[in-house]
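Presented below is the structure to which this report refers.
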Protein chains: 2
Amino acid sequence: MKWHDMKDAACPVARAMAVIGDRWTLLILRECFLGTRRFDGFQQRLGITRHLLAERLKRLESAGLLKRHPYQERPLRHEYRLTDSGKAFAPVMLALQDWSRNNLPCDDSAPISFVLRENGAEIDPVLTDRRSGQELNHRTVLMRPNTETRAKG
Amino acid sequence: MKWHDMKDAACPVARAMAVIGDRWTLLILRECFLGTRRFDGFQQRLGITRHLLAERLKRLESAGLLKRHPYQERPLRHEYRLTDSGKAFAPVMLALQDWSRNNLPCDDSAPISFVLRENGAEIDPVLTDRRSGQELNHRTVLMRPNTETRAKG
DNA sequence: ATAGTAGGTTCTATTTAAGAACTCATTATC
DNA sequence: GATAATGAGTTCTTAAATAGAACCTACTAT
């Protein structure tokens, strides 16, 4: 199975892997959420090679999560901004960091904080069902294949 | 930056990348949630090479998401089961598949369905704050660096 | 004795990533 | 007017990870 084959997979998780299935892409998105917009900003804050960064930014752009906006002419320069699709990824990022904090502990304190904009209170993320309000987790949700579950399926 | 360096990063997102930052690991976890437990089951359903599958299962085990349980002796055989840490990953998986469904559309219908165990109703996942009940997304949550945000922390 | 099952390991070839240097257009400094 | 700095990449070489196939081991069934 090749990289390319995944982007047309029927399974949404497999399609997501075609975009975020590598070491760097989620870290680039994290930087976007923290406000980074420019090439050198990403490069310096992450320590990613310039080559890979250019490639990943292109991928995020073509997947519709980022969009380039010119911020000056002469010489023409662009910055990368989250699109609505990219912003919609925020709950995934929050859920992931919450899981990681609780299940992959480490000595140092977390270098990112997530707070409510309206009052600065620390958040305590929980996934719920919009209709029933019920908490969604391994106990309350049943996951099952509809038809075929192979990645390319 | 090497793979290895990320597992001790201060940033929880970076630490998560040391575990799930590749093309296959989330698909393996998806299969776990769908009930797959055995080596050949994963291999056949995903089309992953046996070599990589063995390596990824070891990684998931050492990261504490999976645990091997013997299911027979003579010859000794093990199956892989989700630990509490692994089960706690369910909301991330749900949030990811929901985002993917809404933002990486494709022709075929999704091959996985997620329903409430109690009544079989389709779920509509939304991340909320446990205390305030407020919906958590890019508009309501402020993400900011605490100290240093480089991946190696 | 032969084939099948289950869970791997080993091998080579290809692809991807790391790390450093280089380009190009423009502005700022000596 | 020459030299350095800025910003956003591109181009190299080397190192690591992945793909794909074949092989191994310990049984069980035919």
Side-chain angles (χ1 to χ4, degrees), chain A residues 1-7 9 14 17-28 31-32 35-62 66-81 150-152, chain B residues 1-7 9 14 17-28 31-32 35-62 66-81 150-152:
Chain A
M1 163 109 37
K2 304 287 180 53
W3 247 117
H4 187 76
D5 300 340
M6 278 194 179
K7 76 180 209 310
M17 288 304 93
V19 181
I20 62 159
D22 69 275
R23 271 205 259 352
W24 289 111
T25 300
L26 283 190
L27 297 177
I28 293 170
E31 287 306 314
C32 291
T36 302
R37 292 182 164 182
R38 298 186 185 176
F39 191 92
D40 279 18
F42 290 109
Q43 202 274 317
Q44 286 163 32
R45 293 170 67 84
L46 292 173
I48 185 176
T49 66
R50 308 177 73 74
H51 179 74
L52 261 198
L53 176 58
E55 204 270 327
R56 292 295 184 268
L57 288 171
K58 271 180 199 154
R59 186 147 88 204
L60 283 168
E61 195 191 354
S62 75
L66 296 182
K67 191 164 175 0
R68 298 203 314 161
H69 294 264
Y71 69 88
Q72 72 170 35
E73 302 185 353
R74 320 186 53 74
L76 182 59
R77 291 278 181 265
H78 297 91
E79 61 183 16
Y80 296 85
R81 293 192 204 162
R150 291 175 63 98
K152 61 179 143 199
Chain B
M1 166 103 41
K2 302 290 179 50
W3 246 116
H4 188 76
D5 300 340
M6 278 194 180
K7 78 180 208 308
M17 288 304 94
V19 181
I20 62 160
D22 69 275
R23 269 204 258 355
W24 289 111
T25 300
L26 283 190
L27 297 176
I28 292 171
E31 285 307 314
C32 292
T36 302
R37 290 180 166 184
R38 297 187 186 177
F39 191 92
D40 280 17
F42 291 109
Q43 202 272 318
Q44 285 161 31
R45 295 170 68 84
L46 292 172
I48 185 175
T49 66
R50 307 176 73 77
H51 177 76
L52 262 197
L53 176 59
E55 203 270 327
R56 292 297 184 268
L57 289 171
K58 270 179 200 155
R59 186 147 88 206
L60 283 168
E61 195 191 354
S62 75
L66 297 182
K67 191 163 175 5
R68 296 202 318 162
H69 294 263
Y71 68 87
Q72 73 171 34
E73 303 183 352
R74 320 186 52 76
L76 183 59
R77 291 279 181 262
H78 296 91
E79 60 184 15
Y80 297 86
R81 292 191 203 163
R150 290 176 62 100
K152 59 181 141 202

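The analysis underlying the following values was restricted to heavy atoms, covering all of them including side chains, and did not include hydrogens, waters or symmetry mates. A, B, ... follow the sequence lines: proteins, then strands. Residue 1 opens every chain. Because the structure is a prediction, the values reported are computed rather than measured.
Put simply, A:Arg56 has a side-chain N or O that comes within less than 4.0 Å of OP1 or OP2 on C:dA17. Residue A:Trp24 has no polar side-chain atom (N or O) positioned under 4.0 Å from OP1 or OP2 of C:dT16. A sub-4.0 Å separation between OP1 or OP2 of C:dG8 and a side-chain N or O of B:Tyr80 is present. Distances shorter than 4.0 Å separate some side-chain N or O of B:Lys58 from OP1 or OP2 on C:dT9.
Under a 3.5 Å cut-off, the side chain of B:Glu55 and the backbone N or O of B:Lys58 do not form any donor-acceptor pair.
Contact check for B:Arg50 versus B:Phe39: side-chain heavy atoms found under the 4.5 Å cut-off. Using a 4.5 Å heavy-atom threshold, the side chains of B:Leu57 and B:Phe42 count as touching.
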Per-nucleotide protein contact along nucleotides 20-25 of chain C, 5' to 3', at a 4.0 Å heavy-atom cut-off (B base, S sugar-phosphate only, - neither), is -B----

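As a whole-Å value, the separation of A:Gln43 CD from D:dA8 P is 11 Å. B:Leu27 places its CG atom 15 Å from the C1' atom of D:dT18, with the value rounded to the nearest Å. Rounded to whole angstrom, the span from the CD atom of B:Glu61 across to the P atom of C:dG7 amounts to 14 Å. Note: CE (B:Met17) to P (C:dA17) measures 14 Å, nearest angstrom. Distance A:Glu79 CD to D:dA8 P: 9 Å, rounded to the nearest Å. Rounded to an integer number of Å, the gap from CG of A:Leu53 to P of C:dG19 is 15 Å. Between the CG atom of A:Leu52 and the P atom of D:dA15 there is a distance of 17 Å, given to the nearest Å. Nucleotide D:dA29 holds its P atom 11 Å from the CD atom of B:Gln72, rounded to whole Å.
Of the candidates D:dA8, D:dT18, D:dT10, D:dA8 carries the atom nearest the A:Arg38 side chain, counting heavy atoms from C-beta on. In this structure, of D:dA8, D:dA19, C:dA17, it is D:dA8 that holds the atom nearest to the side chain of A:Phe39. Checking D:dA19, C:dG7, C:dA18 against every side-chain atom of B:Asp40, the shortest atom distance belongs to C:dG7.
Positionally, the nearest nucleotide of DNA chain C for A:Glu55 lies more toward the 5' end than for the other of A:Glu55 and A:Leu76. When each of B:Glu73 and A:Gly41 is assigned the nucleotide of DNA chain D bearing its nearest heavy atom, the one mapping closer to the 5' terminus is A:Gly41.
B:Tyr71 carries B:Arg38 over the face of its six-membered ring, with the cationic atom under 6.0 Å from the centre and within 45° of the normal.
Among B:Arg68, B:Glu31, B:Glu79, the one residue that satisfies the side chain to side chain contact (heavy atoms under 4.5 Å, CB included) test with B:Arg37 is B:Glu79.
Annotation: the span from A:Asp22 atom CG to A:Met17 atom CE amounts to 9.5 Å, rounded to 0.5 Å.
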Give the intermediate values and the outcome of side-chain contact (heavy atoms from CB on, under 4.5 Å) for residues B:Ile48 and B:Ile28.
-> CA-CA 9 Å; B:Ile48 185 175; B:Ile28 292 171; 4.3 Å; yes

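Among the heavy atoms of the strands lying under 4.0 Å from B:Tyr71 are primed sugar atoms or P, OP1, OP2 only; no base atom is included.
Crowding of B:Gln72 atom CD: a count of heavy atoms from other residues, nucleotides or ligands under 6.0 Å exceeding 12.
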